Amino acid sequence: MPTTAFSHTVEDAVSNGRTPTRRTVDVVDVRELTPGVVRLTFRDEFTAANVKPAQFVNLYSSNPQHLMPRPFGVSDVDGDRVSLIFAVVGYGTDEFAHLKAGDRVDVLGPLGRPFDLRKDADYLLVGGGLGIPPLLEAAQALAGRDDCRAIAVLGYRDAHFADVYAARYADEVHSIDESEGNVLTLLERLWPELQESGRELIILSCGPTPMMKAVAEWASRRGVDAQLSMEQRMGCGYGTCVACTIDTRDGREKVCEAGPVFTAHQLGWDNK
Amino acid sequence: MNIEQELNETPTSVYAPHEWRHGTVVAGVPWKNPVGTASGTFNAYACGQFYDVSQMGSVTTKGVSPVEWLGNPGVRTAESPAGTVNAVGLQNPGVDHYLAHDLPYLKDLGATVIANVAGHCDDDYAQVVEKLAESDADMLEINVSCPNVTHGGMSVGTDPVALAKLMDRLRPMTDKPMIVKLTPNVTDIAAIARAAVEGGADCLSMINTLVGMRIDIRTGEPIIANRTGGVSGPAVFPVGLACVWRVRAALPDIPIIGIGGIDSGEKALEYLYAGANAVEVGGAALYDPTAPIRVALELEELLDSRPELTEKLAKGDTWR
C-alpha cells in the first residue's frame with residue numbers, strides 16, 4: 001500500500017463512527033501444525049475485541065503483484081492476539097506461512113455475518129479439515145456460557161491438527177480421519193446419547209461443501225437446525241465487488257456480506 | 001493559529017469531514033474535488049461503512065438494468081499481476097430498487113451521484129434512462145463497455161454505428177448530463193469517442209476493463225466461469241492514461257473522466273495532465289477500502305502547488 005500522510009488509525013475510524021480500514025499489524029507467532037497447515041497469530045486489538053465466530057479477516061500480500069485479499073476465518077483470540085489456521089495453497093498463503101514473529105502484515109476485519117449463538121442449547125460443531133478454525137472460535141465463545149455446551153465433531157484427512165485447540169474450549173471433542181470414516185460416522189455414533197439429553201441441539205458446520213451438505217441433510221432428517229459457514233472465491237471481502245455470490249432461497253447473495261454463515265433452510269439443504 | 005500549533009496539528013484523517021480546496025466541474029456539474037468512485041467497485045453501504053462517501057467528488061453506482069439481473073455464475077474473480085480479472089456480469093437488483101433505496105440513501109448523505117445505466121439491448125437502456133430522467137441522480141453514465149455480458153455492453157461500445165444509434169435514442173429522453181463510458185478493447189478509441197459525442201454525449205469516461213483471463217494450471221481450465229473477464233487494477237494504469245491522452249487530442253472540448261489503475265494522488269494527477277477533468281478510483285477500493293478518499297486527499301495536496309491547473313479545473317477546463 002502506498003505510504004500516506006493521512007491518518008487512518010483504528011482510533012480515528014472509531015471516533016468518526018466508521019469501520020477501520022486495512023491496517024498493518026505485528027505478527028507474534030507462526031507455526032506449522034502439520035505439513036502444509038499453519039497457525040498464524042497477530043496482534044490487533046480491534047479484531048480481538050470485535051470478532052465473532054465464523055467471521056473472517058483479510059490478509060494482504062506485501063508483494064504489489066499480488067494485491068487481492070486472502071480471507072481467513074479466525075480460530076481463536078487471546079487478549080489482543082488473533083490466530084488463524086490455514087493451508088498453504090498458493091502464493092499468498094505461502095508468503096504468510098513464511099512470516100516470523102516481529103514481521104508485519106496488513107489486515108482488514110473482522111468481516112462477514114457470524115454464527116447465531118443466541119439460543120441456549122447444545123451446539124454440535126461439525127468441521128472438516130481447514131473448515132475447523134471458525135468452529136474453534138465458536139467453541140471459545142460458548143466456553144463462557146454455563147447454559148450451553150460445545151461438542152466438537154471434527155473430521156480430518158490424516159493428522160488431527162486442531163484437536164489440541166478444540167480441547168481448550170469445547171466440552172467434548174470427537175475426531176476422526178479418513179482411515180476410519182468421516183464426521184457423519186461420528187454423528188451417527190453420538191446420536192443416541194445426544195437424543196437422550198433432551199436438550200435442544202444446533203449444528204454449526206464448516207468444511208468442504210459436499211460434507212456440509214451431507215451434514216445439513218443429516219440434521220434435517222432429525223429435526224436439528226444447522227448453520228453452515230460457506231466458502232466462495234472472494235474479491236474485496238467486504239461487499240462491494242459482488243464476486244463471491246451463491247444462490248440461496250433469498251436470492252443470489254454475497255458470501256462475504258450476507259454470509260459466510262447461512263442456515264440450511266436458506267441454502268435449500270433442509271429438504272423442506 | 002500560531003506556527004507551533006500548526007506543526008503540532010494532527011494529520012488529516014481519511015475518516016473525518018474535510019473542507020475541499022480544489023473543486024472541478026464536469027459537464028456543468030460541480031464536484032467537491034476531482035476524484036470519484038468508479039462503477040462496479042462502489043456499493044453505497046459497503047463503502048460507506050469505511051468513509052463518508054459524500055466527501056467524494058462523485059460516486060458512480062453499479063450498473064442498473066430495467067429488471068433484476070443475476071449476473072454470471074461463479075467463479076467470478078481471479079487475481080492477475082497487479083490487478084484482478086472479474087466477470088460479475090452486472091448483477092444488480094434493477095432500476096426500481098435503485099430508485100427506492102440506493103439513490104435516495106446517497107442523496108440524503110449529500111453525495112454527487114452518477115447513475116451507471118446497463119442494458120442487453122437498446123430498449124433496456126431506454127427503459128432505465130426513462131426511469132432515471134426525473135430522478136435525483138446528478139449525471140447518467142451509459143455503460144457500453146462491460147466486457148462480461150453477451151449482449152449490450154461492449155458489443156455497443158466497440159461499434160460506432162451502434163453507439164450513435166443508441167445515443168440518438170437516449171439523448172432526447174433527459175436533460176441530465178450523459179456520460180458514455182468507453183472500452184479500451186478497440187483499435188481506435190478516438191473513433192468511438194467521436195461517435196458518442198456526435199450522438200450527444202456530454203462527457204466521456206474511460207476506461208472500462210480490458211478483456212483478460214486466468215487459467216488454473218492444475219486443471220488446464222479457465223478459473224472464471226465466464227472464461228474471460230475484465231482486468232482492472234494498477235496493471236491497467238498506463239492503458240487508461242494513453243486512452244485519455246488520445247481522446248483529448250482528438251476532441252479538445254469534451255469533458256473526460258479518467259479511470260484505470262489509480263491508487264494514489266500522483267496517478268490521479270497524471271490523468272489530469274493528460275487532459276482529464278476528473279478521475280475515478282475503481283480497482284484500488286477492492287484491496288484498500290478507503291483508497292478513493294485517500295486518493296482525493298493526496299491529490300488535493302499535490303494541487304495546492306499547481307494553481308494553473310486548479311484554475312482550469314475550477315472553470316471546467318482541462319490542462320490540455
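A quick note: this is a predicted structure, and the numbers were derived from the prediction, not measured. In what follows, chains are A, B, ... by sequence order, proteins preceding strands, each numbered from 1.
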* To do: Could you pull out the closest heavy-atom pair between Val75(B) and Arg233(A), with the gap in Å?
  => CG1-CD, 3.2 Å
* Given salt bridge (charged side-chain N to carboxylate O under 4.0 Å, His left out), test Glu68(B) with Arg252(A) step by step and report yes or no. => CA-CA 11 Å; Glu68(B) 180 183 16; Arg252(A) 192 163 276 185; over 6 Å; no
* Does the side chain of Leu67(A) come within less than 4.5 Å of Pro234(B)'s, by heavy atoms? -> yes
* Asked: Just wondering, more than 12 heavy atoms not from Arg227(B) lying within 6.0 Å of its CZ?
  -> no
* Asked: Roughly how far, to the nearest 0.5 Å, is CZ of Phe50(B) from CZ of Arg18(A)?
  -> 11.0 Å
* Region of Ser15(A) that comes under 4.5 Å of a non-hydrogen atom in chain B -> neither
* **More than 12 heavy atoms of other groups within 6.0 Å of Arg21(B) CZ** => yes
* Asked: Where on Tyr60(A) is there a heavy atom nearer than 4.5 Å to chain B: the side chain, the backbone, both, or neither?
  -> side chain
* Structure fact -> Minimal heavy-atom distance between Ala243(A) and Thr77(B), with the atoms involved, is CB-CG2, 3.7 Å
* **Under 4.5 Å from any heavy atom of chain A - which part of Ala291(B)** => neither
* Asked: So, does Arg294(B) use its side chain to make a donor-acceptor pair with the main chain of Phe6(A) at under 3.5 Å?
  -> no
* Where do Thr21(A) and Pro289(B) come nearest, in terms of heavy atoms and distance? -> OG1-CD, 3.4 Å
* **Reported CE-to-CG distance for the pair Met234(A) and Leu286(B), which is rounded to 0.5 angstrom** => 13.5 Å
* Asked: Non-hydrogen atoms of chain A under 4.5 Å away: do they reach the side chain of Ile293(B), the backbone, both or neither?
  -> neither
* **Thr245(A) backbone acceptor or donor facing Arg76(B) side chain under 3.5 Å** => no
* Identify which part of Leu108(A) has an atom lying under 4.5 Å from any heavy atom of chain B, answering side chain, backbone, both or neither. => side chain
* Distance from Tyr15(B) atom OH to Glu11(A) atom CD, nearest 0.5 Å? -> 10.0 Å
* **Asn16(A) side chain near Pro17(B) side chain, heavy-atom distance below 4.5 Å** => yes
* Asked: Looking at side-chain heavy atoms only, is the closest gap between Lys254(A) and Gln91(B) below 4.5 Å?
  -> no
* Asked: Side chain, backbone, both or neither: which part of Asn92(B) has an atom under 4.5 Å from a heavy atom of chain A?
  -> neither
* To do: Give, as side chain, backbone, both or neither, the part of Glu301(B) having an atom under 4.5 angstrom from any heavy atom of chain A.
  => side chain
* Does Tyr238(A) reach the side chain of Gln49(B), with side-chain heavy atoms less than 4.5 Å apart? -> yes
* To do: Could you tell me whether Gln55(A) atom CD has more than 12 heavy atoms of other residues or ligands within 6.0 Å of it?
  => yes
* To do: Could you tell me which portion of Ala78(B) (side chain, backbone, both or neither) has an atom closer than 4.5 angstrom to a non-hydrogen atom of chain A?
  => both
* Within the distance-only criterion (no hydrogens, no angle test), does the side chain of Thr240(A) pair as donor or acceptor with the backbone N or O of Asn43(B) below 3.5 angstrom? -> yes
* Asked: Side chain, backbone, both or neither: which part of Thr290(B) has an atom under 4.5 Å from a heavy atom of chain A?
  -> both
* Shortest non-hydrogen contact from Glu79(B) toward His66(A) -> OE1-ND1, 2.9 Å
* **Neighbour count above 12 (heavy atom, 6.0 Å) for Glu45(A) CD** => no
* Structure fact -> Under 4.5 Å to a heavy atom of chain A? For Tyr45(B) that would be neither
